[in-house]
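The basis for the numbers below is simple: all heavy atoms, side chains too, and nothing from hydrogens, waters or symmetry mates. In what follows, chains carry the letters A, B, and so on, assigned in the order in which the sequence lines appear, proteins first and then strands, with residues in each chain numbered from 1.
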Amino acid sequence: MADTIFITDERIDGDTDADGPLAGCTVAIKDNISTEGVRTTCGSAMLEDYVPPYDATVVSRLKDAGATIVGKTNMDEFGMGTTTETSAFGPTDNPAAPGHVPGGSSGGSAAAVAAGEAELALGSDTGGSIRCPAAFCGVVGIKPTYGLVSRYGLVAYGNSLEQIGPFGETVEDAAALLDVIAGPDDRDATTRAVELDGESYADAATGDVDGLTIGVPTELVEGADEGVVDTFWDAIAELEAQGAEYHEVSLPSVEHAVEAYYVIAMSEASSNLARFDGVRYGPETDADGNWNEAFSAVRKEGFGDEVKRRILLGTYALSAGYHDKYYKKAQDARAWVKQDFDEALSEADVLASPTMPVTPFEQGESVDDPLQMYLADANTVPVNLADLPAISVPAGESDADGLPVGLQLVGPSFGEERLIRAASALE
Amino acid sequence: MSDDADAVDTEAVRHVADLARVDLEADEIEAFTGQFADILEYFETLDEVPEVEREADLTNVMRPDEERDSLDREVALQNAPETEDGFFKGPNVS
């Protein structure tokens, strides 16, 4: 079924007595975020029957805020993909562009908001997995600064890169969900307390861009499709008309961001996914033999192709003789990307680019060409390498094919309010 | 630098699958060998990255080591395919 938005269609009522900020709001949750008593599959056969015994911190906060959770959404297996087609539960159609992929890996969450199945949704973004589906489905998605939102209860894939973040139909909606999930958590030592300029993230959605300076990294525009580029410049012109000004900047390091990202993400994946041994959770198999044999057999059955590919390549990149060549160089590239962004953001308030260099792929178009898929992440992965916040906001439709185009804004560490203010000017 | 990329043959894929504890079918090994050659060749461009001074500004986050509730044993075991006497049951180690 190409219209699978939810893997598990189960309602979890929040604290209904509470006069919480999300009372009466419906929220869809990506299926790699743990929900007590409701199965959490990560889009994988490996966890088809896994029922978490505890809630992720973000889920507890949603319940306390009075939200109603309407289901667990489809996703690329363990977050590994750009189309939601690597899910063991089948693909999800794009409500904004039927017959096309919703993007990934949080494709079900973006589709849930676009289709009106939920007012809000949570996804996770390791290399673009919130921003890509937001752009493809014509909704708003925020990838918070690393450390703003607790990852406790998020099933880890690339834990030095990923953050949980919100989707909404409007910037203000997404920001209001960020208000509920952001903030320190003693169960995630990487979280930090942040001093806001205003009352809340939602309050920042004023649309005031008068005097805003926008840097446009040429490297992130040049590689995009013509229709995407035209739509992008139209959006910049609209911001200019409202008092913003732009200049072009160069980020030479981003030419190496995709390979650096994939080396780091795959290496972390190979380690994080070692926990799936079929003993503490996982499918029952008739595998005989010793630990290693049984372990290898359950992983053969439980993991799909893309997950196997990334675990193997990550293992390769970390293996003796290759560690310095791949992993260490990737860390150098990561530090270089950070420096480039810091420099560009010292002369601009925000950086703007197309979120994705392409419009949504047709279903099945590229599932068999992994390298081509990876290259589609060129504009989103640098932000994860730099630990920075970013938002994807609808910029309109491409003239070439009439499909949705997203504008990505990147800001300084913990500068979410600035991004929310600027993005809301496009609504 | 091309000898590393050339080194990705079916034997290398089989070896890394063994290290990663993932059994593969013959046709998967075949498909991965071609794909890995392409992907690793692309990763080779990391050679062009200059050495970068990495001065991460990190602080340890400490908390008091206090007792707190943890999962009940029964709950912790609820997802295990096999248990025995309140323990996870795995295959023999050797």
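Among Ser296(A), Ala274(A), Gly302(A), the residue making the largest number of heavy-atom pairs under 4.5 Å with chain B is Ser296(A). Note on Leu313(A), Val263(A), Leu371(A), Leu375(A): by heavy-atom pairs under 4.5 Å with chain B, the leading option is Leu313(A). Interface remark: of the candidates His256(A), Lys338(A), Glu284(A), His256(A) forms the most heavy-atom pairs closer than 4.5 Å to chain B. Taking chain A as the reference chain and counting heavy-atom pairs below 4.5 Å, the highest number among Ala31(B), Pro81(B), Gly90(B) is found for Pro81(B).
Taking non-hydrogen atoms and a 4.5 Å limit, the residue list of residues 59-66 of chain B in contact with chain A, ordered by number, reads Val61(B), Arg63(B). Using a 4.5 Å heavy-atom cut-off against chain A, the contacting residues of residues 16-27 of chain B are Val16(B), Ala17(B), Leu19(B), Ala20(B), Arg21(B), Val22(B), Asp23(B), Leu24(B), Glu25(B).
Within 6.0 Å of CD in Glu48(B) there are more than 12 heavy atoms belonging to other residues, nucleotides or ligands. Other residues, nucleotides and ligands place no more than 12 heavy atoms under 6.0 Å from the NE2 atom of His15(B). The 12-atom threshold is exceeded at CZ of Arg39(A), counting heavy atoms of other residues, nucleotides or ligands nearer than 6.0 Å.
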Check your understanding: Is there a side-chain contact (heavy atoms from CB on, under 4.5 Å) between Val279(A) and Glu82(B) once you walk through the steps?
Key -> CA-CA 7 Å; Val279(A) 172; Glu82(B) 264 195 282; over 6 Å; no
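Within the model, atoms CZ of Phe43(B) and OH of Tyr316(A) stand 11.0 Å from one another, a figure rounded to the nearest 0.5 Å. One distance of note links CZ of Phe88(B) with OH of Tyr281(A); it measures 8.0 Å at 0.5 Å rounding.
Residue Trp291(A) comes nearest to Val93(B) through the heavy atom pair CB-CA, 3.9 Å, listed as atom of the first residue, atom of the second, then distance. When all heavy atoms of Pro50(B) and Asp332(A) are compared, the pair lying nearest together is O-CB, 3.9 Å.
Side chains of Glu44(B) and Tyr326(A) form a contact here, defined as non-hydrogen atoms less than 4.5 Å apart. Using a 4.5 Å heavy-atom cutoff, the side chains of Phe36(B) and Leu312(A) are in contact. Looking at Asp305(A) and Gln35(B), their side chains never come closer than 4.5 Å, going by heavy atoms from C-beta outward. Counting heavy atoms from C-beta on, the side chains of Ile39(B) and Glu259(A) never come closer than 4.5 Å.
Contact annotation for Leu273(A): neither backbone nor side-chain heavy atoms come within less than 4.5 Å of a heavy atom of chain B. Of the atoms belonging to Lys328(A), heavy atoms from both backbone and side chain fall under 4.5 Å from chain B. With a 4.5 Å cut-off on non-hydrogen atoms, Leu71(B) touches chain A through its side chain but not through its backbone. At a 4.5 Å heavy-atom cutoff, the contact between Tyr42(B) and chain A is made by backbone and side-chain atoms alike. Heavy atoms of Tyr262(A) lying under 4.5 Å from chain B belong to its backbone as well as its side chain. Residue Gln331(A) touches chain B through both its backbone and its side chain, counting heavy-atom pairs closer than 4.5 Å. Contact of Pro283(A) with chain B is made through the backbone alone, with heavy-atom distances under 4.5 Å.
Here the side chain of Gln78(B) pairs a donor or acceptor atom with the backbone of Val51(A) at under 3.5 angstrom.
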